[in-house]
> 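Take a look at this one; I'll ask things after.
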Amino acid sequence: MSLKKKIFYLIYQLFGKYLPRSYMPYSFGSKQVRYYLLKNIINHTGKNVLVESGALFSPLIEIGDNSSIGENCRIRRDVKIGNDVMMAPNVQILSTNHNFDSIEIPMWQQGHTIKETLIGDDVWIGTNTIILPGVNISSHVVIAAGSVVTKDIPKFAIVAGNPAKIIKYRGKKDEK
């Protein structure tokens, strides 16, 4: 990571994430400040991206146009978020997991595996959702609050639960 990115990331960690929520009457440009910092930190930032207070993210992510990161969300490295994605508060998007195959070596000494996590366009992710490493969420998906997404989700699906299961599809299924 370049020195410039490190400086902007430090400013975000010390100052930006504590600015008021963007919808508060006293926010006085906090939305614009967080967007400016995000744009100078991560690999790709689309237009009109909203980052709410308390959000933590790796510099190694990408986010598309008109997407939002809700309050207190956590987004790990190697995550790609499409356009028009709505993310409610407290969402966790993961991309790394500990290795644990050997019973002879403590798990913390076995390293970790990185799996890219992808979020398509026009996705709504509900509050307190957890998306596990390596999951691909297709476009036009709705993920209910409190879901734990362990597997890929097809287009237009509405999923809920732990583990998340398809409960129905958006629109008429024969139109897809």
Side-chain angles (χ1 to χ4, degrees), residues 1-14 16-18 37-38 40-46 49 51-64 67-83 85-121 123-167:
M1 182 164 50
S2 71
L3 180 59
K4 176 185 170 187
K5 281 188 174 192
K6 287 179 183 179
I7 291 169
F8 278 101
Y9 195 66
L10 180 64
I11 293 168
Y12 178 80
Q13 292 293 331
L14 295 174
K17 72 179 179 182
Y18 299 108
L37 293 171
L38 179 77
N40 284 284
I41 295 169
I42 71 171
N43 291 339
H44 171 75
T45 308
V49 173
V51 180
E52 284 296 356
S53 63
L56 293 178
F57 48 84
S58 165
L60 304 174
I61 68 169
E62 296 179 14
I63 188 165
S67 292
S68 64
I69 301 173
E71 296 169 46
N72 302 313
C73 287
R74 305 291 183 261
I75 305 173
R76 305 298 185 223
R77 63 182 290 166
D78 296 314
V79 172
K80 291 183 180 175
I81 300 167
N83 299 319
V85 174
M86 296 185 298
M87 198 178 304
N90 303 312
V91 169
Q92 304 269 336
I93 304 176
L94 309 173
S95 61
T96 59
N97 207 350
H98 290 281
N99 297 330
F100 54 87
D101 293 332
S102 175
I103 58 171
E104 307 297 323
I105 304 169
M107 287 181 272
W108 69 271
Q109 292 181 343
Q110 294 186 46
H112 60 276
T113 303
I114 300 169
K115 294 181 180 177
E116 184 177 64
T117 305
L118 304 172
I119 313 292
D121 297 333
V123 174
W124 179 13
I125 306 171
T127 300
N128 295 318
T129 292
I130 300 170
I131 300 172
L132 295 183
V135 169
N136 293 321
I137 297 172
S138 298
S139 296
H140 315 292
V141 168
V142 176
I143 304 171
S147 297
V148 178
V149 183
T150 61
K151 295 181 180 174
D152 294 354
I153 307 294
K155 283 185 175 183
F156 298 100
I158 299 173
V159 300
N162 179 6
K165 296 195 183 324
I166 298 171
I167 56 174

> Main chain of K5, side chain of S2: is a donor-acceptor contact present, judged purely on distance under 3.5 Å?
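Judged by distance alone, yes, a pair lies under 3.5 Å.
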> Quick one: does P154's side chain get under 4.5 Å of I166's, heavy atoms only?
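Of all side-chain heavy-atom pairs linking I166 with P154, at least one is under 4.5 Å.
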> Locate the shortest heavy-atom distance separating A88 from G126; write the atom from each residue and the value.
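In this case the closest contact between A88 and G126 is CB-C, 3.7 Å.
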> Using only atom types and a distance under 3.5 Å, with no angle test, would you say the side chain of T150 pairs donor to acceptor with the backbone of L132?
no
> Could you check whether any side-chain heavy atom of E71 comes within less than 4.5 Å of a side-chain heavy atom of S53, counting everything from C-beta outward?
yes
> Quick one: does D121's side chain have a donor or acceptor within less than 3.5 Å of a partner on N83's backbone?
yes
> With rounding to the nearest 0.5 angstrom, report the CD to NZ distance, Q13 to K6.
14.0 Å
> How long is the span from the CD1 atom in I130 to the CG atom in N90, to the nearest 0.5 Å?
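Going from CD1 on I130 over to CG on N90, the span is 10.5 Å.
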> With no hydrogens and no angle check, is any side-chain donor or acceptor of T117 less than 3.5 Å from a backbone partner on V79?
no
> With the side chain counted from C-beta on, respond yes when L60 and R76 share a heavy-atom pair under 4.5 Å apart, and no when they do not.
no
> Under the ring pair (Phe, Tyr, Trp, His ring centres under 6.0 Å) test, which residues partner Y9, sequence neighbours left out?
none
> Under the side-chain hydrogen bond (donor to acceptor under 3.5 Å, both in side chains) test, which residues partner N97, sequence neighbours left out?
none
> Could you tell me which residues satisfy side-chain hydrogen bond (donor to acceptor under 3.5 Å, both in side chains) with T113, sequence neighbours excluded, listed by chain and number?
N99
> Closest approach of M1 and P59, non-hydrogen atoms and distance?
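Scanning both residues, the minimum pair turns out to be SD-CG, 3.4 Å.
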> To the nearest 0.5 Å, how far apart are CD1 in I143 and CD1 in I158?
11.5 Å
> Does I153 offer a backbone N or O that forms a donor-acceptor pair with the side chain of S138 under 3.5 Å?
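Side chain of S138 to backbone of I153: a pair is present.
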> Can you tell me how far apart CD1 (I93) and CD1 (I131) are? Round to the nearest 0.5 Å.
4.5 Å
> Mind checking side-chain hydrogen bond (donor to acceptor under 3.5 Å, both in side chains) for K115 and listing every partner two or more places apart, or none if nothing turns up?
none
> Minimum heavy-atom separation for G134 and D152, please, with both atom names.
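Looking at all heavy atoms of both residues, the shortest contact is O-OD1, 3.9 Å.
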> Report the residues that fulfil side chain to side chain contact (heavy atoms under 4.5 Å, CB included) with L10, sequence neighbours left out, ordered by chain and then residue number.
L14
> Identify the two heavy atoms, one from N43 and one from E62, that lie closest to each other, and give their separation to 0.1 Å.
CB-CG, 4.1 Å
> Can you tell me which residue among I41, N40, I7 is in a side chain to side chain contact (heavy atoms under 4.5 Å, CB included) with Y12?
I41
> V51 and side chain to side chain contact (heavy atoms under 4.5 Å, CB included): which partner among I63, T45, L38?
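It is L38; the other options fail the test.
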> Are more than 12 heavy atoms from other residues, nucleotides or ligands located less than 6.0 Å from atom NE2 of H44?
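Check passes, neighbour count above 12.
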> Could you report the tightest heavy-atom contact between S139 and V123, atom names first, then the distance?
CA-CG2, 4.3 Å
> Look at the side chain of S147 and the backbone N and O of T129, then say whether any donor-acceptor pair between them is shorter than 3.5 Å.
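No, S147 side chain to T129 backbone: no donor-acceptor pair under 3.5 Å.
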> Under the salt bridge (charged side-chain N to carboxylate O under 4.0 Å, His left out) test, which residues partner K80, sequence neighbours left out?
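By the salt bridge (charged side-chain N to carboxylate O under 4.0 Å, His left out) rule, K80 matches E116.
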> CG/D78 to CG/L94 distance, rounded to the nearest 0.5 angstrom?
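The distance works out to 12.5 Å.
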> Would you compute the distance between atom OG1 of T96 and atom CZ of R77 and round it to the nearest 0.5 angstrom?
8.0 Å
> Can you see which heavy atom on K151 is nearest to which on V149, and at what distance?
O-CG1, 3.5 Å
> Can you find a pair of side-chain heavy atoms, one from I119 and one from M87, that are under 4.5 Å apart?
no
> Within the side chain of E52, is there an N or O that forms a donor-acceptor pair under 3.5 Å with the backbone of P89?
no
